Amino acid sequence: MKKVIFPLFYLLVSLPVFGSVELKSGTTATAISGYLGDKVARKGVPSDYHAIHHLSAGERWDAPCELTVYKGDMNHEEDYLVTSWDKCTTTSPNKTVGWKSNSNIKVRGIQVCSNNKSNHRLKGIRLYGMAIHNDGSFTIQTGYEQFKRANCKRWHSPVYCQKGQVATKVIIHSTDNEINGLGLVCRKVQKK
């Protein structure tokens, strides 16, 4: 009797090989898009496997006083981490910007819009993305995701993580509990 081993061998060879990625130790910070504030906070739950995929921002009576940071697993797991900077009870509907939690697209850059007044209030956010692949490689996404409110008058220069890095925290500059500018804390992506 003749044994057939080719189909089994073919099946084993043809199965996809999935890798996984993690974040390398050490952080770098971007400059600030927008204005510097009197106070600085960094928001983002620590993790070696999660990066920022979207933000949610709220206001109270035209004052930008709340920002929530959502981090998703870089290996396409259905889990996420959330942290907030909240200096008000929001009254206007929150605006959300970014990519869904199980997407492989994570944040690599940020840009803010201000009201162009002396109080330098945040009125819009653009996020720039990077698709992370299982082998540790990445693809820079063209374009951006954004939201803007009615008083968005001036888009400031965008700031970006270094090549091969993704955002793991947001740097929030504020004055009188109102957001004036945003930056990112970044870490390099590497194959596990």
Side-chain angles (χ1 to χ4, degrees), residues 18-36 40-57 64 67-85 94-114 122-148 152 154-173 179-192:
F18 294 104
S20 62
V21 293
E22 64 185 354
L23 295 167
K24 188 175 181 178
S25 296
T27 62
T28 59
T30 67
I32 301 301
S33 180
Y35 296 97
L36 300 179
V40 179
R42 293 176 178 218
K43 289 295 176 183
V45 178
S47 168
D48 290 337
Y49 299 97
H50 295 77
I52 297 171
H53 58 81
H54 80 274
L55 303 175
S56 175
L67 187 77
T68 302
V69 178
Y70 295 85
K71 294 172 70 172
D73 186 275
M74 296 185 305
N75 294 299
H76 314 290
E77 298 294 329
E78 287 283 345
D79 70 336
Y80 57 92
L81 305 172
V82 181
T83 186
S84 291
W85 180 90
N94 276 29
K95 298 282 188 173
T96 302
V97 59
W99 297 271
K100 62 184 181 178
S101 62
N102 64 346
S103 167
N104 69 332
I105 302 174
K106 305 300 182 232
V107 173
R108 69 174 184 93
I110 194 166
Q111 181 178 16
V112 305
C113 183
S114 66
L122 175 96
K123 291 296 168 181
I125 298 174
R126 287 178 178 160
L127 294 180
Y128 298 84
M130 179 172 89
I132 301 169
H133 308 294
N134 291 349
D135 63 359
S137 65
F138 58 88
T139 305
I140 302 298
Q141 301 298 291
T142 58
Y144 49 78
E145 296 288 318
Q146 80 170 20
F147 82 79
K148 61 181 182 176
C152 171
R154 177 183 172 204
W155 284 102
H156 297 264
S157 296
V159 295
Y160 298 97
C161 295
Q162 295 175 11
K163 185 177 179 179
Q165 293 186 339
V166 290
T168 58
K169 291 186 179 185
V170 175
I171 304 167
I172 302 167
H173 275 258
I179 301 171
N180 306 120
L182 298 174
L184 300 172
V185 174
C186 309
R187 290 177 64 182
K188 186 169 180 60
V189 177
Q190 66 182 6
K191 187 169 173 56
K192 186 174 175 183

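Remember, it's a predicted structure, so these values are computed and weren't measured experimentally.
- Closest of all the heavy-atom pairs between Thr83 and Gly44 is CG2-N, 3.3 Å.
- Residues meeting the salt bridge (charged side-chain N to carboxylate O under 4.0 Å, His left out) test with Arg187, sequence neighbours left out: Asp48.
- Annotation for Tyr49 and Val21: closest pair CD2-O, 3.5 Å, computed over non-hydrogen atoms.
- A donor-acceptor pair is defined here as one N or O able to donate and one able to accept, closer than 3.5 Å; no such pair exists between the side chain of Lys148 and the backbone of Ile125.
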Audit row: Asn104, His133, side chain to side chain contact (heavy atoms under 4.5 Å, CB included) steps and yes/no: CA-CA 7 Å; Asn104 69 332; His133 308 294; 4.0 Å; yes

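- To the nearest 0.5 angstrom, Tyr160 atom OH is 9.5 Å from Ile140 atom CD1.
- Residue Pro64 comes nearest to Trp85 through the heavy atom pair O-CZ3, 4.5 Å, listed as atom of the first residue, atom of the second, then distance.
- Minimum interatomic distance between Ser114 and Tyr35 (heavy atoms only, all atoms of both residues): OG-CE1, 3.7 Å.
- Residues His53 and Ile105 form no side-chain contact, since every pair of their non-hydrogen atoms from C-beta on lies 4.5 Å or further apart.
- Residues Val45 and Val82 are not in side-chain contact: their nearest non-hydrogen atoms beyond the backbone lie 4.5 Å or more apart.
- The closest side-chain heavy-atom distance from Phe138 to Lys163 is below 4.5 Å.
- Note that OG of Ser20 and CG of Asp135 are 11.0 Å apart. Values are rounded to the nearest 0.5 Å.
- A donor and an acceptor atom, one from each side chain of Ser56 and Asn94, are located under 3.5 Å apart.
- When side chains are defined from C-beta on, Trp155 does not count as touching Val112, because their heavy atoms never get closer than 4.5 Å.
- Using modelled atom types, one side-chain atom of Ser33 and one backbone atom of Ser157 make a donor-acceptor pair closer than 3.5 Å.
- The shortest side-chain heavy-atom distance between Ile172 and Lys43 falls under the 4.5 Å cut-off.
- Contact annotation: the side chain of Lys123 never approaches that of Phe147 to less than 4.5 Å [non-hydrogen atoms, C-beta and beyond].
- Side-chain atoms of His54 and Trp99, non-hydrogen and from C-beta on, never get closer than 4.5 Å to each other.
- Closest approach of Ala57 to Leu67, counting heavy atoms only: CB-CD1, 4.0 Å.
- A donor-acceptor distance shorter than 3.5 angstrom exists from the side chain of Arg108 to the backbone of Gly129, with no hydrogens or angles considered.
- The closest side-chain donor-acceptor pair between Gln141 and Tyr128, if any, does not fall under 3.5 angstrom.
- The backbone N or O of Gln190 lies less than 3.5 Å from no partner atom in the side chain of Glu22, so there is not a single donor-acceptor pair.
- Using a 4.5 Å heavy-atom cutoff, the side chains of Thr68 and Leu55 are not in contact.
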Distance-only donor-acceptor hits, side chain of residues 164-171, under 3.5 Å, sequence neighbours excluded:
from: Gln165; atom 1: OE1; to: Thr28; atom 2: OG1; distance (Å): 2.7
from: Gln165; atom 1: OE1; to: Gln162; atom 2: N; distance (Å): 3.3
from: Gln165; atom 1: NE2; to: Thr28; atom 2: OG1; distance (Å): 3.4
from: Thr168; atom 1: OG1; to: Val185; atom 2: O; distance (Å): 3.4

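- The minimum heavy-atom distance between Lys71 and His50, with the atom names listed, is CE-O, 3.4 Å.
- With hydrogens and angles disregarded, no donor-acceptor distance shorter than 3.5 Å links the side chain of Thr139 to the backbone of Ala131.
- For the atom pair CD1 of Ile110 and CG of Leu182, the computed distance is 4.5 Å after rounding to the nearest 0.5 Å.
- To the nearest 0.5 angstrom, Cys113 atom SG is 9.5 Å from Arg154 atom CZ.
- For the atom pair OG of Ser137 and CD1 of Ile132, the computed distance is 10.0 Å after rounding to the nearest 0.5 Å.
- One finds the CG atom of Leu36 at 5.0 Å from the NE2 atom of His173 (value rounded to the nearest 0.5 Å).
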